[in-house]
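Structure first, then comments.
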Number of protein chains: 2
Amino acid sequence: MLDTLGLDATSEQVYRGMLVMPGAGVAVLAEYLGLTEAEVRRGLDALSELALVSPGLDGRTRAVSPEIGLEMLMSRQQAELAARQKRLEESRVAAAQLMAEYADQRSVSGNLGGEQLVGLEEIRHRLTRLTREVREEVMAFSPDGAQTEENMAAARPLDRELLGRGVRMRTVYLDSVRNSAPSTAYAQWLTDLGGQVRTVAALPTRLIIVDRATAVIPVNSEDSAARAVVLTGQGMLTALCALFEHVWAGARPLGVAAPGRDEHGLTGQESATVRLLAEGRTDDAIAKRLGVSQRTARRIATALMERLGARSRFEAGVLAVRAGWLPQ
Amino acid sequence: MLDTLGLDATSEQVYRGMLVMPGAGVAVLAEYLGLTEAEVRRGLDALSELALVSPGLDGRTRAVSPEIGLEMLMSRQQAELAARQKRLEESRVAAAQLMAEYADQRSVSGNLGGEQLVGLEEIRHRLTRLTREVREEVMAFSPDGAQTEENMAAARPLDRELLGRGVRMRTVYLDSVRNSAPSTAYAQWLTDLGGQVRTVAALPTRLIIVDRATAVIPVNSEDSAARAVVLTGQGMLTALCALFEHVWAGARPLGVAAPGRDEHGLTGQESATVRLLAEGRTDDAIAKRLGVSQRTARRIATALMERLGARSRFEAGVLAVRAGWLPQ
DNA sequence: CAGTCCATGGCCGGTACCGGCCACCTCTTC
DNA sequence: GAAGAGGTGGCCGGTACCGGCCATGGACTG
């Protein structure tokens, strides 16, 4: 995943190994990861290039926590300016995705600049305040749509007020909300008022960005009610905005019919499923990402395996790569 | 697997599809396999090149049963002679492996030239007769070693007689027999009498070839006692001999210590496990192939997944390909 | 020789995957 | 509007995978 940051698979492995075993030496890491010491050293070199590791007080090399490393990385790339705009853009998207993923571990690796919100009450309160104070723009990923009809009813007055004030609202839902009549009705209502709504097969995380200055992400994507972080770091915000724009550009407006199949004959949900499976997600986690039931997620996976002619998940992974459904 | 025969993955998929759904048209196959009709047609062209499909009486194209198709293929390659000796050798090995694999389905796809033996008694009787009449040479794969000590005791007189007559005996056991003291003792005894014994991490099937003229393979590799075929077709025998020589060349004589690890840091058992996982085998089937317990097979698989940093079997398959542990 | 290490394999409870069945809903077709 | 097809989701029993625990036995060490 970090390849767009210029990290090869081995270096990423070394990085993850160092996060798991802080302070481990080259020999231990090599043993643990099943790599040669030379490979580990090459990995360390690549990592120090990107400021993801640094020498500690005791002389040992240590992994920098993902958030801090990424924040530094972002600022540096910022400084390098737009000579390689495309590549920079890609890096930001990758970094933000990593960020969102590692949010789960924030409790372990310590807090960065951002402020933590604990409990549904606190989160809801902060979100209300933030959205009331919006000046320009709201961007949001809503993996679970508006959830209940009460939520929608509660949201309508605020939506109406913001859109009335001329705030630009862009929301990305999951394709699966199209299965629910109330959700589509709400989305349609938003559109009619001037909000922009698109859908996509899978979303990386729940996310709200206000005026490109403040972002709120749940710490644990499984239980978005428990804990969230408010991010205001400039590098991070740039990355998250890039991530949003990236997803937005690939998302499909409400009225537009589902495109048929991609170059491999896969639907959007199918290719998202392949990607998530390749990241090691369980069927259950995939179901949550796609906003469908476990049963349907398994049905998609089964269909993919049949298509590949695979008799086991392992073989399916192998064949998916060979079929070109996944990079490399 | 059929790539050394000049078949790409798509063609193989089409072939398997045609075996499953005899008489299906291009459109149905394309639908079933998730391919375009053009791809299916390209596959059919490649298959007819290799005489693996032929027009039936009703004008529809049909898949030829694997054994017959392969027997034809073998004879044809025989005729083409040794200009491309290496490639031909590889094809034979691949074909024999396919043959051994498809032996399981022989009951469905009908009997070819070979004669069927039903029941342990009949098989044992035939084997005794065959081995008594050996003139030159016996080649054998014995995945389960000599099994019990009674078997070994029973085999010794015959072994002694044949070796005394100057018959060349080459047997390939599994590496795992080295875990059993009686088995290694027996193998050592055989070696002392002039028999040749080697071991290998995994064996494709149980197999006995007598004088390069007659081969016996169990129909169902899971239950080698139930049913076996006696093969005498010349093309098939050539292929099976090539398969034996191929495995023999890669096998390790009794006295030789286990080589460390290959270029990817994998032991013999590990790389065999990767290969078998990629073929879609269950852990249980792999255990049988390696001659180890299910627990140990799972342990090997788990170790591989840790090494790859994979969180699911699917991801492991993907990463194994990316790590170069598997072709392409 | 006793002590230690390590690979193996049996056992068991837990989780993940698998697919049949049926009910519900939507969209199409007549 | 009735009938059918297709997508979805809940339920359930079955299989595959997972890892902790412990006993065994061979190899190495002191």
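Note on naming: letters A, B, ... go to the chains in the order of the sequence lines (proteins, then strands), and numbering restarts at 1 for each one.
- If you measure from atom CZ of A:Arg281 to atom C1' of C:dC17, you get 18 Å, rounded to the nearest angstrom.
- Applying the 4.0 Å criterion to OP1 and OP2 of D:dC18, one finds that B:Arg313 has a side-chain N or O inside that range.
- Between the CZ atom of B:Arg311 and the P atom of D:dG19 there is a distance of 14 Å, given to the nearest Å.
- Paired with A:Asp283 under the rule side-chain hydrogen bond (donor to acceptor under 3.5 Å, both in side chains), one option of A:Arg299, A:Arg313, A:Gln294 passes, and it is A:Arg313.
- Residues satisfying the side-chain hydrogen bond (donor to acceptor under 3.5 Å, both in side chains) test with B:Arg198, not counting sequence neighbours, are none.
- Remark: A:Asp159 engages no residue in a salt bridge (charged side-chain N to carboxylate O under 4.0 Å, His left out) (not counting sequence neighbours).
- Take B:Glu270 and apply the salt bridge (charged side-chain N to carboxylate O under 4.0 Å, His left out) test, not counting sequence neighbours, and it matches B:Arg261, B:Arg307.
- By the side-chain hydrogen bond (donor to acceptor under 3.5 Å, both in side chains) test, B:Thr296 pairs with B:Ser293, sequence neighbours left out.
- Between C:dC17 and A:Thr302, no contact under 4.0 Å exists linking OP1 or OP2 to a side-chain N or O.
- When rounded to the nearest whole Å, the span between NZ of A:Lys288 and C1' of D:dG9 equals 15 Å.
- Residues satisfying the salt bridge (charged side-chain N to carboxylate O under 4.0 Å, His left out) criterion with A:Arg170, sequence neighbours excluded, are A:Glu137, A:Glu245.
- Protein atom CZ of B:Phe314 is 15 Å distant from nucleotide atom P of D:dC17, rounded to whole Å.
- Contacts of A:Ser312 with the nucleic acid, taken as non-hydrogen atoms under 4.0 Å apart, are absent.
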A correct 5'-to-3' footprint of nucleotides 7-16 of chain C, with B, S and - meaning base, sugar-phosphate only and no protein heavy atom under 4.0 Å, is -BBBB-----
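- A straight line from CG of A:Leu290 to P of D:dT8 spans 11 Å, rounded to a whole angstrom.
- For the pair A:Leu277 CG and C:dC17 C1', the interatomic distance rounds to 11 Å; values are reported in whole Å.
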